[in-house]
Amino acid sequence: MPELPEVVVTLRGVSPHVIGKQVVSVDVRESRLRWPVPADLSSLLSGQTLLDGRQRGKYLLFRFPTGHLMIHLGMSGNLRIVRDETPVGKHDHVDIIFGDGTVLRYTDPRRFGTIQWLVGAPEQHPLLSSLGPEPFEEAFTGEYLYQASRGRKVPIKQFLMDNKVVVGVGNIYANETLFQCGICPTLAAGNVSRSRFDALAIEVRRVLASAIEQGGTTLRDFVGGDGKPGYFKQQLYVYGRGGETCLRCGSVLMEIRQGQRSTVFCPVCQQ
DNA sequence: CCCAAGACCTGGCGGC
DNA sequence: TGCCGCCAGGTCTTGG
């Protein structure tokens with residue numbers, strides 16, 4: 001599933017094809033996503049012009065004159081551009097059809113994603129109101145992480161994946177950034193030093209930016225808005241490599257479970 | 001408030 | 001080839 005880089009790649013891929021265009025209809029073939037897709041989505045959107053698209057954490061926000069279409073891709077979702085005659089696959093749940101025959105198609109086998117219609121300021125929506133800073137925002141600094149972590153006993157890896165702390169860092173990139181910084185993922189967040197948080201903030205930005213440049217990470221089904229997979233997988237140092245050797249020191253990488261997610265780290269490089 | 005675990009889904013893979 | 005258990009990019013909800 002998409003973490004922040006995949007969401008950004010998706011947004012950049014689809015935007016040029018749909019912004020400024022008018023919706024003629026919406027086809028909802030399966031409304032049972034994480035929450036039901038609004039039954040009247042077609043009548044809400046039809047006739048409206050898509051003004052712009054942006055991203056908040058892993059949420060995509062498409063602005064229309066009367067509100068925002070908010071889309072989350074869950075674990076297995078993707079959004080891409082097809083034509084109105086493109087054959088429909090089993091998990092192609094929603095089509096947003098524009099006047100020139102362009103279709104923004106939402107696909108999601110596991111249906112953990114969501115599509116909602118927001119009226120008013122998106123930041124005030126319950127799903128967005130308590131999100132932490134964007135990793136590329138100025139507010140995201142080592143000092144911020146240090147302050148936010150005081151007194152916290154959660155392992156640093158889970159702290160980094162907490163959307164109230166910072167948005168966009170999921171399981172792949174949490175594993176990768178901690179490796180790059182040489183920080184053991186099981187350390188209590190509250191015990192991590194200020195200088196290590198400085199390095200971590202820098203590394204989170206660097207890893208995410210690099211993944212975006214590579215078109216994201218494709219494990220099996222992620223494709224960007226242009227239908228192409230991402231190539232960051234070739235640059236993963238630890239994720240998916242438990243039991244293999246560390247690319248830095250040659251030790252055997254350990255794999256453990258933290259919060260029901262797999263963590264892979266080098267017991268020598270990360271302490 | 002903090003933290004851990006359960007819940008929601010489908011599909012791919014390894015093992016037998 | 002078939003079935004079974006386990007695993008997967010997220011995050012809300014519940015319970016202690």
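Below, chains carry the letters A, B, ... as their sequence lines are ordered, and counting in each starts from 1.
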What are the atom names and distances for every N/O pair under 3.5 Å that joins the protein to nucleotides 6-8 of chain C?
unit_1 : atom_1 : unit_2   : atom_2 : d
C:dA8  : OP1    : A:Ser262 : OG     : 3.0
C:dA8  : OP2    : A:Arg257 : NH1    : 2.8
C:dA8  : OP2    : A:Arg257 : NH2    : 3.3
C:dA8  : O3'    : A:Tyr239 : OH     : 3.3
C:dA8  : N3     : A:Arg110 : NH1    : 3.2

Centroid separation A:Phe232 to A:Tyr173 less than 6.0 Å: yes
Donor-acceptor under 3.5 Å (A:Glu3 side chain, A:Pro5 main chain): no
Touch class at under 4.0 angstrom, heavy-atom based, for A:Phe232 against every strand present: nothing
Touch class at under 4.0 angstrom, heavy-atom based, for A:Asp108 against every strand present: nothing
Interatomic distance, A:Phe159 CZ vs B:dC3 C1' [rounded to whole Å]: 14 Å
Distance, rounded to the nearest Å, where A:Asn78 contributes CG and C:dG10 contributes P: 15 Å
A:Arg111, nearest nucleotide to its side chain (from B:dT10, C:dC12, C:dG10): B:dT10
Options C:dG10, B:dT10, C:dC12, nucleotide nearest the side-chain atoms of A:His91: B:dT10
Between C:dT11 (P) and A:Gln158 (CD): distance, integer Å: 14 Å
Earlier contact from the 5' end, DNA chain C, for A:Thr218 and A:Leu131: A:Thr218
Distance (rounded to the nearest 0.5 Å) between A:Cys266 SG and A:Phe179 CZ: 6.0 Å
Within 45° cone and under 6.0 Å: A:Arg248 NZ/CZ vs A:Tyr237 ring: yes
For atom OH of A:Tyr173 and atom C1' of C:dG10, their distance in whole Å: 14 Å
Partner set under salt bridge (charged side-chain N to carboxylate O under 4.0 Å, His left out) for A:Asp84, not counting sequence neighbours: none
Nucleotide nearest A:Lys58 (side chain, heavy atoms from C-beta), chosen from C:dC12, B:dC3, C:dG10: C:dG10
Salt bridge A:Arg29-A:Asp92, side-chain N to carboxylate O under 4.0 Å: no
Euclidean distance, A:Arg12 CZ relative to A:Thr10 OG1, rounded to 0.5 Å: 11.0 Å
Plane angle bin for A:Phe197 and A:Tyr146 - parallel if under 30°, tilted between 30 and 60°, otherwise perpendicular: perpendicular
A:Phe112-B:dC9 aromatic stacking (under 5.5 Å, under 30°): no
For the student: nearest non-hydrogen atoms of A:Arg152 and A:Asp162, plus distance: NH2-OD2, 3.9 Å
Nearest-nucleotide 5' precedence on DNA chain B, A:Lys90 against A:Arg34: A:Arg34
Runs of at least three Watson-Crick or G-U pairs with DNA chain B, cut-off 3.5 Å: B:2-8 with C:10-16, B:10-16 with C:2-8
A:Glu3 CD to C:dT11 C1', straight-line distance once rounded to whole Å: 13 Å
